[in-house]
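As structure tokens, the structure follows; a few thoughts come after it.
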Amino acid sequence: EVPNEIELIWIKFHNIFDSSKFESEYYRDFGLEIVTYSNWNTEAIFAIANLDLFNDFISDIDSFVNEENQDISNVNIRFIKEFDFLATKRRIDLDHLNENIFLNLIDISNFLKESDNILQSLLSYLYKNNLVYSYFEEGNYIEIIKEEQNIDEIIEKIVDNFDIVHTVNSYSSGVVAPNLYNQPQKGFGFDITSGEELPIIGIIDTGIDSTTPLDSILIKDDTFNLTDTTPFIDENDHGTGVAAIAALGNKLYPNHLGTHIADALLLSIKIMSENQDVLFKDDVIGLIRRANKEYGVQIFTLTLGYKNYKKHHEKASEYSIALDKLSHELNILIFISIGNNRDLLPIAGPIINFPELYHLESSNLCSPAESMNNITVGAYSDNFENNSINRISHVGTTPAIYSRTFHYNWNLDIFKDKNGNANRFRINRLLFKPDIICHGGDFDTRLDPTNTGLKILSAQTGIFFNKEVGTSYSAPFAANLAAKIINKYPAFKNNMQTVKSLIINSSSISEPNEIFDKISNHTIGNGIPNEIIALNSDDDYLTLILEDEIYPENLKCFSLKLPEYLLDLDHKRQSIINISSTLCFSFEPNIKSEFTYCPIHLSFLLTDNLELENYNYDRYGKIILSKGINYNKVSNIKLKNSWSQDYYFKSKPLSNVQKVNQKLTKEDLRKNIDNDGNILIKLAINCKLHKLLNDIDKTKIENIPVKYSLVISIEELPYKDKTSGRLYDELSAINNFENIIISESDTELEAEN
């Protein structure tokens, strides 16, 4: 007996559904209220909110199908390609159910009372049937752990009867290790010291073994544990190796002997053990929240995710959504491994062509690595031992063969124009994963990591070190760099997106490989972080950090003076300075659609010394020409660059990470000399809301300021292998160093020493 019924229907459209305009019309004319979108707004689930209007909708459908003149009362009918009542099979679109099962529930304004009645009935049903479950109110879903023999039958019965369940997702959790061999190396041979006031890194893993040298930097709290064994034992021999890299970085490579100073303390957050490989996502979220509240932890490593690879263009998982929400709320940064692909490593037979394997759906990342507010880390083939020639991967900056790739495929028809060409306005080449890659080792041509794998601290008695490979060991290298940044610049922990910006801005592809050019962003991301660049400025290189906030539908402008001595250098026509800029911000996810998951458009522009607003008007007061930054054409600007992210087209997913490199010549600088003889360029920041948001969703966020971090690195480029050594001092002097960039809205940039 279920107290209420809510009828849901599925609609497939001929093209992308414009939710900002037609969502309200479908409700007004057809009595249909949106539940969720899929396949880039080409499909949607609606609830029937008004039966009379819906009957009119059915009549119009009949008229359209049966009458030759197709005389219908509402032309919106013509945009519908196919529709059906939402049957059980469509709600459970899965080959089989894995250990973690998610029941996604409807959340619509017209059915609040009915939904709550059905929810209480469903929770009672789960309890009476002794199912292991957790209801997550904020995310509006129920997670069930698959234990019962007849769980498939029970889930089908639930979906048949409880109408608030609109989709069912299922994942398999656990440790994903790609290694085929396990070669030990005897003897620790090192110890660890630590200073005061070190940041703490939360290691969300299989425990940290306290019988290793890591014991001296462990937070001795055994309550961060989801298993039946202590968090200071690592039966899986996984979390200990991750923790050593997080605390020490590359200090153990190639020679680990001696005394090493830790960059961070460690909190062991044990979520899996040898006898337990299924976990509640919400339990993990709870431990992260506790670690932040009780110990102020802002840096985490997460190397245990779902085993299932994501299908092309599959929506964000419940796990990823929860982590994005948590990072936005708590101001934390989680370093997530992109996942390991052992399926592409044949035990026998020829190895799949590399990198062609990255075009296979089975090479896509594993959840929650699609998280946008955190940092996703892939594996670089190197192992610090200068033996790259022996590894299976190509020479150069290439991902390891087991590292995974982004799951968005921009070759789908909906992203192409009428001629079948990729439409650059409906895709976002700034949106990709991984964000960066770090050392993870690789196999040799015999699929043996003994020589080309990474040396990893072991928790096994008498083993001490193993040679391993995996993205699990890449993620903590990035977390270690984050700890070093916080150590040197404690103020940056007030906005962890600054730490993210610094890491990404420092990253590059040092040894380009032509084989990976076309797919490099989806496999290598922004490249390998450079610790020196992330942490320091020098005579020829200066890093500036702008931490600010801006309201949606606003535009800000900042001024930057460049030193006049640059015009006296001998560079002639070649570029004289390089400016690398990275913008990062976090957001509250909008989970209705892939397009609006990031509902905020935030972009920047490094441009000429123009006024923010400067227009020519006709005699009626209408703007006919913009001579300023706002609404101007790129063709009218001397510095021929564009906004870091295009806002023109509606049907486009937005990115919260944008990196731009721009080289300037003497001629560029001469064109921007002001009346006082200063070389002056401008930085503009633009904030908008996604064009596909409906009015209700816009109202929720339009009055909330967006905090962002913009890192700008200015480098004097060498001429005949020489630089002047004057950039840092002169740039600091003319901009009053402490306030290196003065905003027209009184916001200041901070210079990094």
Side-chain angles (χ1 to χ4, degrees), residues 498 501-502 505 533 536-548 550 555-571 574-583 604-614 627-630 632 636-641 643-644 660-686 708-719 723-753:
T498 298
S501 297
L502 280 166
N505 197 61
I533 291 176
N536 305 285
S537 293
D538 61 29
D539 292 341
D540 302 308
Y541 188 94
L542 180 64
T543 295
L544 317 170
I545 293 97
L546 170 61
E547 293 181 330
D548 194 19
I550 184 172
L555 183 68
K556 282 189 173 184
C557 189
F558 305 83
S559 301
L560 172 65
K561 291 181 182 179
L562 295 177
E564 296 177 20
Y565 85 88
L566 293 171
L567 298 176
D568 299 327
L569 298 179
D570 296 328
H571 286 59
Q574 77 178 54
S575 298
I576 194 167
I577 59 172
N578 180 67
I579 302 178
S580 174
S581 309
T582 300
L583 171 75
F604 66 93
L605 173 68
L606 197 64
T607 187
D608 294 331
N609 179 25
L610 302 173
E611 294 181 34
L612 185 59
E613 309 274 354
N614 187 7
K627 298 188 293 183
I629 294 174
N630 202 15
N632 209 335
N636 295 331
I637 296 175
K638 303 180 188 73
L639 300 182
K640 301 294 185 184
N641 62 313
W643 288 93
S644 59
V660 175
N661 280 300
Q662 185 176 359
K663 287 181 168 63
L664 301 182
T665 64
K666 281 187 181 181
E667 187 62 24
D668 293 324
L669 302 186
R670 287 194 184 100
K671 291 176 180 178
N672 284 285
I673 298 176
D674 65 10
N675 295 331
D676 297 323
N678 299 310
I679 304 172
L680 200 65
I681 58 176
K682 293 289 183 71
L683 169 70
I685 308 289
N686 187 23
Y708 65 89
S709 292
L710 178 63
V711 169
I712 304 173
S713 295
I714 306 174
E715 177 186 13
E716 181 186 316
L717 298 172
Y719 179 70
T723 56
S724 69
R726 298 169 59 183
L727 180 70
Y728 184 95
D729 289 338
E730 301 233 7
L731 190 63
S732 303
I734 60 176
N735 287 280
N736 188 21
F737 195 74
E738 287 78 15
N739 306 322
I740 194 75
I741 290 184
I742 307 300
S743 164
E744 294 175 5
S745 56
D746 295 329
T747 304
E748 299 171 352
L749 267 188
E750 179 178 304
E752 179 179 313
N753 285 306

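Proximity of a side-chain donor or acceptor of D676 to a complementary backbone N or O of N678 within less than 3.5 Å is not detected. Checking side-chain atoms of Y565 against main-chain N and O of L727 turns up a donor-acceptor pair under 3.5 Å.
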### Task
Please test N686 against L555 for side chain to side chain contact (heavy atoms under 4.5 Å, CB included), starting from the C-alpha separation and ending with a verdict.
CA-CA 5 Å; N686 187 23; L555 183 68; 3.6 Å; yes
#### Entry: Derivation and outcome, side chain to side chain contact (heavy atoms under 4.5 Å, CB included), residues I685 and L710
CA-CA 10 Å; I685 308 289; L710 178 63; 4.0 Å; yes
### Chi angles and distances behind the side chain to side chain contact (heavy atoms under 4.5 Å, CB included) call for L560, L680
CA-CA 6 Å; L560 172 65; L680 200 65; 5.9 Å; no
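Put simply, the side chain of L566 does not reach to within 4.5 Å of the side chain of L664, judged on heavy atoms. Looking only at side-chain heavy atoms (C-beta outward), I681 and L606 come within less than 4.5 Å of each other. L569 has its side chain within reach of E716: a pair of non-hydrogen atoms, C-beta onward, lies under 4.5 Å apart. Between L546 and Y708 there is a side-chain heavy-atom pair separated by less than 4.5 Å.
Atom CG of L567 is separated from atom CD of E667 by 10.0 Å, given to the nearest 0.5 angstrom. Rounding to the nearest 0.5 Å places OG1 of T498 at 12.0 Å from CG of N505. In this structure, CD1 in I579 is found 6.0 Å from CD in Q662, a value given to the nearest 0.5 Å. In this structure, CD1 in I576 is found 6.0 Å from CG in L669, a value given to the nearest 0.5 Å. The CZ atom of F604 sits 10.0 Å away from the CH2 atom of W643 when rounded to the nearest 0.5 Å. With rounding to the nearest 0.5 Å, the separation of CD1 in I679 from CG in D668 is 11.0 Å.
Annotation for T543 and V711: closest pair CG2-CG1, 3.7 Å, computed over non-hydrogen atoms. When every heavy atom of L717 is checked against every heavy atom of K663, the shortest pair comes out as CD1-CE, 4.1 Å. Heavy atoms only, all atoms of each residue included: I734 and P563 are closest at CD1-N, 3.5 Å. Of all the heavy atoms in C557 and K682, the pair that sits closest is SG-CD, 3.8 Å. The shortest non-hydrogen separation linking S709 to E547 is OG-CG, 3.9 Å.
None of D539, D540, D538 except one satisfies the side chain to side chain donor-acceptor pair (under 3.5 Å) rule with T723; the exception is D540.
Side-chain atoms of D729 and S732 include no donor-acceptor pair closer than 3.5 Å.
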